[in-house]
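The structure under discussion appears below in the form of structure tokens.
All values reported here derive from a predicted model rather than from experimental measurement. In what follows, every chain begins at residue 1, and chains take the letters A, B, ... in the order their sequences are listed.
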Amino acid sequence: MPIINLQDVSKLYGFGDATTVALEEVNLSIERGEFVAVMGPSGSGKSTLMNIIGLLDRPTHGSYVLNGRSVSRLRSNQRAKVRRDTVGFVFQSFNLLPKLTVLENVALPLAYKGMTQTRRLKQAAAVLERVGLSDREYFYPKQLSGGQAQRAAIARALVNNPQIIIADEPTGNLDSAASRLVMELLSDIHAMGGTILMVTHNPELTRFASRVVFMHDGDIVGDKQSTIGQVPKSLRKRMYYLPKLTEEDRIAGVSAMMKAFPDKEAKSSKRTTKARKAKKPSTRKAKK
Amino acid sequence: MRLKANIKMAFASIRSARWRSFLTMLGIIVGVASVVVTISLGEGVRQQVEGQIKQLGSDLIIVKPGKNVGASSSLGALTANNAQSFTDQDLQAIKTTKGIKTVVPFSTVSGVARTDDSELPDGFIVGTTELLPEILRQRVKYGSFFAADDTNRKIAVIGKRVAQDLFHETVPLGKSLQVRGERYVVSGVFDQFATSPLSPTSDYNSAVFIPYESARTLVGQSQIYQVLVRPIDPEQTSQVAKNITANLSDAHGKQTDFTVLKQEENLAATNKILTLLTSMIAGIAAISLLVGGIGIMNIMLVSVTERTKEIGVRKAVGATNRQILDQFVTEAAVISLLGGVLGLLLSLFVDYLFRLFTDIKPAVTVPIMGIAVLVALVVGMFFGILPAIKAASRDPIEALRYE
């Protein structure tokens with residue numbers, strides 16, 4: 001049984017002539033343990049879809065069954081409780097509360113569950129250790145680097161032992177090194193059986209996903225199973241040239257495969273440009 | 001348990017914006033302080049008056065010449081003017097009234113008491129009889145009062161303040177002072193009289209008592225400005241007062257151009273005035289408390305808007321609307337409670353200043369303090385609800401987008 005099952009889910013804003021269709025009869029079914037990357041241009045409805053799956057929003061039409069329970073018609077307080085226990089959010093801009101320490105930030109979801117302070121902080125400390133931030137427990141968010149902050153945010157998302165993690169452009173504000181760390185963390189969670197939904201603009205990151213969903217104008221236009229370590233074929237065309245992968249890379253792990261970063265490959269060999277130039281005219285001629 | 005967490009968060013929030021929180025609290029502080037100071041002043045004065053009246057005894061009857069319009073009301077009796085005075089015949093009429101135990105006349109001697117090197121402008125000279133200490137229930141601390149046969153001797157018994165201001169010592173026995181050119185020897189100093197700011201009888205601490213006959217000799221006639229009477233049976237005070245009225249009006253040709261005051265009327269009158277004054281001023285002070293509450297509401301609204309993103313994050317992480325509401329109401333409550341306590345401390349300080357620099361001794365009782373703090377809390381919670389509702393009803397998605 002899929003953990004997330006959306007059927008004919010639509011989200012409409014406004015009414016009458018000014019109706020905006022954010023999502024149009026979306027059908028999506030996600031099994032436990034999948035790492036789904038959601039891609040699409042701005043305005044395609046990715047965020048709206050994530051919000052609905054994460055119970056921050058309610059579909060206008062359609063049904064949403066989460067873990068066997070229909071949640072599409074819940075009131076906001078009920079949704080808050082389900083959200084608290086089942087979903088962990090990771091945002092692009094981290095969204096840590098600036099006036100609380102890292103430890104208190106991570107413990108926040110537990111506070112709303114009614115846990116006592118000592119237990120809360122203990123559990124938070126355990127999760128922080130798992131993400132490697134034990135030495136930053138009493139720091140304030142503004143004292144952390146971007147990567148550390150995002151890892152703290154992931155810790156906060158994990159503290160409740162959620163069934164799903166929803167990450168909205170988790171590496172959007174991070175440099176490449178920090179991005180690598182964060183993605184490795186998410187990958188670990190996936191490897192241990194977690195279900196992850198990630199919205200991203202960076203096709204490279206789809207290497208970590210087991211499935212890639214493409215959206216356009218409120219609809220799902222593509223849904224492919226993907227192997228970890230591979231970027232789906234349809235994305236390769238839009239990217240810069242990807243070097244061939246060797247055996248060493250495969251052993252070294254997925255993040256080692258992310259060799260084709262712009263700063264390295266943009267000034268790539270002439271071979272690339274020539275090859276591309278050579279290709280293009282022929283295809284044009286063929287089409288004519 | 002959840003409350004403790006909310007309170008901690010409230011304190012953290014207050015601490016992170018110290019000046020702003022303090023200025024917000026200021027309204028409540030001033031409001032609470034003014035209400036408490038007003039009430040404690042009123043209560044203090046009331047207690048002093050009551051104390052003095054109790055000391056004199058509720059069976060004391062004060063007979064004064066002159067009658068104000070509306071002297072039948074207790075308010076008028078207090079302000080009856082003393083332009084006229086009783087004569088010796090009047091005194092006799094009073095003395096022969098049925099049921100009387102003690103009668104003591106008070107006659108004015110105009111003039112200023114002086115010694116060779118100082119004079120007493122605040123003081124006043126009273127001619128009276130030997131029963132004065134008994135009827136005033138006050139004892140002479142140093143020396144002694146004059147006896148029945150001393151009525152024409154030139155001796156004086158002075159109040160405490162006269163001793164300090166005129167003679168600059170505590171026990172000026174044997175020293176002499178001059179009244180209208182005549183020399184009088186101090187034979188006694190009174191213990192401190194219980195004073196009260198609203199008492200119709202004057203502050204005897206600044207009085208110089210000389211024998212009645214001697215006063216008459218000095219002035220030429222008796223100018224009695226009041227007569228104090230005690231009945232034999234305290235239960236019969238009203239009846240005796242009526243008898244006095246009857247007798248005196250006979251002596252005055254059936255006119256009642258005098259006032260007969262019972263102490264209970266005194267007490268009732270004072271209480272009435274005080275309650276009126278206190279309520280009026282406390283009411284005005286309460287308005288400032290209201291303004292303080294509005295200040296809290298204002299700042300909480302601003303705070304909610306500022307923290308929109310924070311509210312979004314909290315909701316995303318699983319806070320229900322009710323939990324957000326509780327957080328913000330608690331914050332408003334903590335601010336106002338703190339303001340209430342600080343206002344209370346301020347009022348205690350102001351009361352202390354009053355005690356130091358004036359005669360009034362304000363009285364703050366525990367119930368008053370408790371109510372003041374409670375009212376502050378209620379005001380805070382009441383004015384904090386609206387902003388809290390606003391916070392709780394924010395859509396998390398929009399809130400997260402807010403920069």
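- Between the side chains of A:R58 and A:Y64, no donor N or O sits under 3.5 Å from an acceptor N or O.
- Defined by atom type and a distance below 3.5 Å, a donor-acceptor pair is present between the side-chain atoms of A:R32 and A:N67.
- The side-chain tip of A:R136 points at the ring of A:F139 from less than 6.0 angstrom away and within 45° of straight on.
- Using a 4.5 Å cut-off between heavy atoms, A:L97 touches chain B through its side chain atoms alone.
- A:N51 touches chain B through its side chain: at least one heavy atom from C-beta onward sits under 4.5 Å away, while N, CA, C and O do not.
- In terms of non-hydrogen atom pairs under 4.5 Å with chain A, the most contact-rich of B:E310, B:M9, B:R322 is B:E310.
- Across B:A316, B:G312, B:S13, the residue that shares the most heavy-atom pairs under 4.5 angstrom with chain A is B:A316.
- Although no hydrogens or angles enter the test, the distance criterion places a donor-acceptor pair under 3.5 Å between the side chain of A:N27 and the main chain of A:D8.
- Among the candidates A:R84, A:K113, A:E104, the residue making the largest number of heavy-atom pairs closer than 4.5 Å to chain B is A:R84.
- For B:A12, no part lies under 4.5 angstrom from a heavy atom of chain A.
- Contacts of A:R79 with chain B are absent, with no heavy-atom separation under 4.5 Å from either backbone or side chain.
- Inspection of the B:K4 and A:Q117 side chains reveals no N or O donor paired with an N or O acceptor under 3.5 Å.
- Here the rule is side-chain hydrogen bond (donor to acceptor under 3.5 Å, both in side chains) with A:Y112, and of B:K315, B:R314, B:Q323 only B:R314 fits it.
- Only the side chain of B:R307 comes within less than 4.5 Å of a heavy atom of chain A; its backbone N, CA, C and O stay farther away.
- Proximity to chain A (any heavy atom under 4.5 Å) is shown, for B:E398, by neither the backbone nor the side chain.
- In this pair, A:F89 and A:F91 present their aromatic rings parallel. The plane angle is below 30°, not in the 30 to 60° band.
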